[in-house]
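Please read the structure below before turning to the comments.
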Amino acid sequence: MTRKLPPTSANEDRPFFEQVYDLVRLIPYGRVTSYGALAAALGSPGAARMVGWALNKCHSVHPPVPAHRVVNRKGLLSGKHFFPGEGMMRDLLVSEGVRVEDDRICDFADCFWDPSTALDQL
DNA sequence: CGTCTGACGCACG
DNA sequence: GCGTGCGCCAGAC
C-alpha cells in the first residue's frame with residue numbers, strides 16, 4: 001500500500017484524527033466528554049490539542065461528528081465559537097437534555113462519558 | 001528546515 | 001480560585 005508509516009509512529013492502522021472521529025461518534029446521546037479524555041483513550045494523554053485540531057476539520061468529515069458533545073476538562077464549551085451558529089453548540093446540548101449555563105455544562109461530572117469504555121466498540 | 005499557532009491540560013506561585 | 005508558563009502533536013507559513 002501507499003502507506004509509509006514511520007517506525008517511530010505508534011499509530012494504529014488508522015490516523016489519529018480518524019480515531020478521534022470514530023470515538024466522538026460513539027458518545028451517547030445526552031452525554032459529553034473532554035478532549036483530554038479522548039486523547040488519553042487513544043493512548044496520547046498529552047494530545048488533547050490534537051483532538052481539538054481534528055474536530056476543527058470535522059466539518060469536512062463524513063459521517064458528521066457530534067463535536068458539540070466534546071468540551072474541555074472544565075466543562076466549558078470552548079468550541080462553541082467555531083460552530084456555524086452562535087450558541088448552536090449550547091442549543092444542541094440543551095436539546096439533548098444536558099444542562100448548560102453560561103456556556104458551561106452543569107453537573108459536568110454527572111453527564112461526563114468516559115470514552116475508554118467504548119474502546120471495545122472502536 | 002525553523003517558527004508559530006491551536007476547540008487542551010497540568011504544574012507552579 | 002486565578003493567572004502564567006510549559007508540554008503535547010500536527011499542520012501552516
Side-chain angles (χ1 to χ4, degrees):
Chain A
M1 298 260 271
T2 57
R3 182 180 65 192
K4 51 180 179 179
L5 284 176
T8 58
S9 177
N11 295 337
E12 303 277 331
D13 48 328
R14 289 182 181 177
F16 183 81
F17 280 32
E18 191 168 328
Q19 293 183 52
V20 174
Y21 301 144
D22 290 342
L23 197 52
V24 172
R25 291 189 196 110
L26 294 176
I27 301 176
Y29 181 92
R31 284 289 177 83
V32 295
T33 189
S34 63
Y35 303 97
L38 291 167
L42 295 175
S44 300
R49 304 187 109 187
M50 302 309 91
V51 176
W53 210 272
L55 292 178
N56 185 352
K57 124 184 147 158
C58 78
H59 293 285
S60 302
V61 177
H62 291 272
V65 180
H68 62 276
R69 294 177 186 161
V70 184
V71 298
N72 62 10
R73 83 166 199 79
K74 303 173 211 173
L76 188 66
L77 282 60
S78 51
K80 71 182 180 109
H81 194 68
F82 280 69
F83 276 74
E86 184 176 344
M88 179 177 175
M89 185 175 182
R90 178 192 69 87
D91 186 63
L92 288 170
L93 289 169
V94 172
S95 179
E96 295 185 358
V98 178
R99 293 185 297 172
V100 180
E101 183 177 316
D102 190 29
D103 298 326
R104 191 184 66 172
I105 297 177
C106 303
D107 296 339
F108 177 57
D110 184 58
C111 60
F112 180 81
W113 176 77
D114 187 349
S116 64
T117 62
L119 292 176
D120 183 52
Q121 302 177 47
L122 183 67

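No hydrogens, no waters, no symmetry mates; every other heavy atom, side chains included, goes into these values. Chain naming here is simple, since letters A, B, ... match the order of the sequence lines and numbering starts at 1 in each.
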Note to self: For A:Arg69, give me all partners under side-chain hydrogen bond (donor to acceptor under 3.5 Å, both in side chains), at least two apart in sequence or on another chain.
What the structure shows: A:Glu96
Check: Mind checking what makes side-chain hydrogen bond (donor to acceptor under 3.5 Å, both in side chains) contact with A:Asn56, not counting sequence neighbours?
Finding: none
Minimum heavy-atom distance [X]-[Y], with the two atoms named:
| X | Y | result |
| --- | --- | --- |
| A:Leu23 | A:Ala118 | CD1-CB, 4.4 Å |
| A:Ala41 | A:Leu119 | O-CD2, 3.6 Å |
| A:Phe112 | A:Ser34 | CE1-N, 3.6 Å |
| A:Val98 | A:Gly30 | CG2-O, 3.5 Å |
| A:Tyr21 | A:Ala54 | OH-O, 2.7 Å |

The criterion is side-chain contact (heavy atoms from CB on, under 4.5 Å); which residues satisfy it with [X], sequence neighbours excluded?
| X | value |
| --- | --- |
| A:Pro28 | A:Arg31, A:Trp113 |
| A:Glu101 | A:Cys106 |
| A:Ala48 | A:Tyr35 |

Notebook entry, point to check: Taking DNA chain B as the partner, which of residues 55-69 of chain A come within under 4.0 angstrom of it by heavy atom?
Noted result: A:Leu55, A:Asn56, A:Cys58, A:Ala67
Atom pairs under 3.5 Å, N or O on each side, protein against nucleotides 3-6 of chain C: can you list them with distances?
none

Rounded distance (Å) that lies between atom [atom2] of [N] and atom [atom1] of [X]:
| X | N | atom1 | atom2 | answer |
| --- | --- | --- | --- | --- |
| A:Phe16 | B:dA7 | CZ | P | 16 Å |
| A:Leu42 | C:dA10 | CG | P | 12 Å |
| A:Met50 | C:dG7 | CE | C1' | 11 Å |
| A:Phe82 | B:dG6 | CZ | P | 8 Å |

What pairs of nitrogen or oxygen atoms, one from the protein and one from nucleotides 8-13 of chain B, lie under 3.5 Å apart?
{"from": "B:dC8", "atom 1": "OP1", "to": "A:Ser78", "atom 2": "OG", "distance (Å)": "3.4"}
{"from": "B:dC8", "atom 1": "N3", "to": "A:Arg49", "atom 2": "NE", "distance (Å)": "3.3"}
{"from": "B:dC8", "atom 1": "N4", "to": "A:Arg49", "atom 2": "NE", "distance (Å)": "3.3"}
{"from": "B:dC8", "atom 1": "N4", "to": "A:Arg49", "atom 2": "NH2", "distance (Å)": "2.8"}
{"from": "B:dG9", "atom 1": "OP1", "to": "A:Gly36", "atom 2": "N", "distance (Å)": "3.1"}
{"from": "B:dG9", "atom 1": "OP1", "to": "A:Arg73", "atom 2": "N", "distance (Å)": "3.2"}
{"from": "B:dG9", "atom 1": "OP2", "to": "A:Arg73", "atom 2": "N", "distance (Å)": "2.7"}
{"from": "B:dC10", "atom 1": "OP2", "to": "A:Arg73", "atom 2": "NE", "distance (Å)": "3.0"}

Could you run down the sub-3.5 Å N/O contacts of the protein with nucleotides 11-13 of chain C?
none

Next item on the list: Report the hydrophobic cluster partners of A:Tyr29, with the cluster defined as I, L, V, M, F, W, Y residues connected by side-chain heavy atoms closer than 4.5 angstrom, directly or transitively.
Entry: none
Margin query: Can you tell me if A:Arg104 has over 12 outside heavy atoms packed within less than 6.0 Å of its CZ?
Written below: no
Notebook entry, point to check: Ignoring hydrogens and geometry, is there a side-chain-to-backbone donor-acceptor pair from A:Asp114 to A:Ser116 under 3.5 Å?
Noted result: yes
Anything under 3.5 Å between a donor and an acceptor, one on a side chain of residues 72-90 of chain A, the other on a protein residue two or more places apart or in another chain? List them.
{"from": "A:Asn72", "atom 1": "OD1", "to": "A:Lys74", "atom 2": "N", "distance (Å)": "3.1"}
{"from": "A:Asn72", "atom 1": "OD1", "to": "A:Gly75", "atom 2": "N", "distance (Å)": "3.1"}
{"from": "A:Asn72", "atom 1": "OD1", "to": "A:Leu76", "atom 2": "N", "distance (Å)": "2.7"}
{"from": "A:Lys80", "atom 1": "NZ", "to": "A:Asp103", "atom 2": "OD2", "distance (Å)": "3.1"}

Notebook entry, point to check: Do the non-hydrogen side-chain atoms of A:Leu122 and A:Leu42 ever get within less than 4.5 Å of each other?
Noted result: yes
Next item on the list: Stems involving DNA chain B: give each as a range paired with a range, ordered by first number, where a stem means at least three consecutive Watson-Crick or G-U wobble pairs under 3.5 Å.
Entry: B:2-6 with C:9-13, B:8-13 with C:2-7
